[in-house]
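If you read the sequence from its start, that first residue is 1, and numbering goes on from there. Here the structure is a predicted model, which means the values were calculated and not measured.
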Amino acid sequence: MPYEWKINAKGWKLSLWPYRSLLRTDFVIFFGSTAVIIALPLIVLLGSPILWGILPFFVLMMIGLWIAIQTSYKRGQVLETLTANNDTLHLSRHNTDGTVQEWSANIYWASVHLHPTGGPVENYLTLQGGDREVEIGSYLDVAERHQLFDTLQEALSGNPPKMG
């Protein structure tokens, strides 16, 4: 689970973001090597009219791969920040379209809930404070949501993870 805890004298801050299996630097290597591997058989067809029949499909495949990876990167730009200070718990979610969703509650009345069934996904994780309940970590897998639930329960009880 990609996350970062920051603890200071005033409270703590947890930042969460989706897991990225392909970093930007690895993308260049992957895309270039894919293009070379797929283009190698086309060398045999150089000078042949058959090349012009196959080349558009090669180009379409590379464009489709490019669009798919760029879309994946765009969807992975979600950032959730949960901040706790002396009396307030604040959740901020930065969406891929640039919008920001905010939620705040009194930290003493805030609670974290794990819904193993009955939610949109297995181990649906929510924060509740007052009359509003919000989802956190929607992009995490089942095990990561359970791990986050345990960690948040500890943090909300006054025991944030130790750094170092």
Side-chain angles (χ1 to χ4, degrees), residues 1-8 12-84 89-103 112-127 133-155 160-164:
M1 168 174 56
Y3 65 94
E4 179 181 50
W5 280 98
K6 291 184 181 177
I7 301 173
N8 58 35
W12 50 266
K13 177 180 174 181
L14 171 65
S15 299
L16 296 162
W17 56 89
Y19 177 73
R20 298 244 177 153
S21 59
L22 185 65
L23 301 175
R24 286 278 182 188
T25 54
D26 298 335
F27 166 71
V28 173
I29 295 167
F30 169 76
F31 196 79
S33 60
T34 301
V36 168
I37 289 170
I38 292 178
L40 279 176
L42 296 179
I43 293 174
V44 176
L45 300 175
L46 285 176
S48 167
I50 297 172
L51 176 68
W52 296 106
I54 294 176
L55 196 59
F57 295 104
F58 171 75
V59 171
L60 281 174
M61 188 269 315
M62 293 307 290
I63 290 171
L65 182 62
W66 179 274
I67 291 170
I69 291 175
Q70 293 303 320
T71 302
S72 173
Y73 277 125
K74 179 83 169 150
R75 289 183 181 160
Q77 291 178 336
V78 174
L79 174 65
E80 290 181 341
T81 306
L82 183 63
T83 309
L89 187 65
H90 181 79
L91 177 65
S92 176
R93 179 184 167 106
H94 299 266
N95 295 309
T96 58
D97 61 1
T99 60
V100 178
Q101 295 172 301
E102 307 273 345
W103 172 84
V112 60
H113 300 277
L114 184 68
H115 307 278
T117 59
V121 293
E122 187 180 345
N123 282 350
Y124 185 61
L125 187 60
T126 60
L127 289 170
E133 191 169 15
V134 294
E135 180 180 17
I136 185 169
S138 61
Y139 40 81
L140 300 175
D141 68 23
V142 175
E144 289 173 334
R145 282 192 292 268
H146 197 280
Q147 179 185 359
L148 180 59
F149 170 71
D150 293 338
T151 305
L152 286 177
Q153 270 194 321
E154 287 267 329
K162 303 290 185 250
M163 303 306 291

When rounded to the nearest 0.5 Å, the distance separating CG of Leu91 from OG1 of Thr81 is 8.0 Å
Report task. Output the distance between atom OG1 (Thr83) and atom NZ (Lys6), rounded to the nearest 0.5 Å. Result ->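 One finds 10.0 Å between OG1 of Thr83 and NZ of Lys6.
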Within the side chain of [X], is there an N or O that forms a donor-acceptor pair under 3.5 Å with the backbone of [Y]?
| X | Y | result |
| --- | --- | --- |
| Ser72 | Ala68 | no |
| Arg145 | Glu122 | yes |
| Lys74 | Thr96 | yes |

Residue pair [X] / [Y]: nearest heavy atoms and the distance that separates them:
| X | Y | answer |
| --- | --- | --- |
| Leu42 | Ile38 | CG-O, 4.1 Å |
| Val78 | Pro18 | O-CD, 3.2 Å |
| Leu45 | Leu51 | O-CB, 3.5 Å |
| Phe149 | Leu125 | CB-CD1, 3.7 Å |
| Trp52 | Ser48 | CD1-O, 4.1 Å |
| Pro41 | Ile37 | CD-O, 3.4 Å |

My understanding is that only residues two or more places apart in sequence, or in another chain, count here; which of them pass side chain to side chain contact (heavy atoms under 4.5 Å, CB included) with [X]?
| X | answer |
| --- | --- |
| Ile29 | none |
| Ser138 | Arg93, Glu135 |
| Val100 | Ser92, His94, Glu102 |

Applying ring pair (Phe, Tyr, Trp, His ring centres under 6.0 Å) to Trp66 and not counting sequence neighbours gives Phe27, Phe31
From the list Asp141, Val142, Leu148, side chain to side chain contact (heavy atoms under 4.5 Å, CB included) partner of Glu144 resolves to Asp141
Answer yes or no: is there a side-chain heavy-atom contact under 4.5 Å between [X] and [Y]?
| X | Y | value |
| --- | --- | --- |
| Leu82 | Tyr3 | no |
| Tyr19 | Leu140 | no |
| Trp5 | Thr151 | yes |

Thr99 meets the side-chain hydrogen bond (donor to acceptor under 3.5 Å, both in side chains) criterion, sequence neighbours left out, with Asn95, Asp97
Tyr139 meets the side-chain hydrogen bond (donor to acceptor under 3.5 Å, both in side chains) criterion, sequence neighbours left out, with Glu80
Should we count CD1 of Ile50 as having more than 12 external heavy atoms under 6.0 Å?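 Result for CD1/Ile50: open.
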Start with the C-alpha distance between Val112 and Ile136, add both sets of side-chain angles, then the distance that settles side-chain contact (heavy atoms from CB on, under 4.5 Å), and finish with yes or no. CA-CA 9 Å; Val112 60; Ile136 185 169; 5.5 Å; no
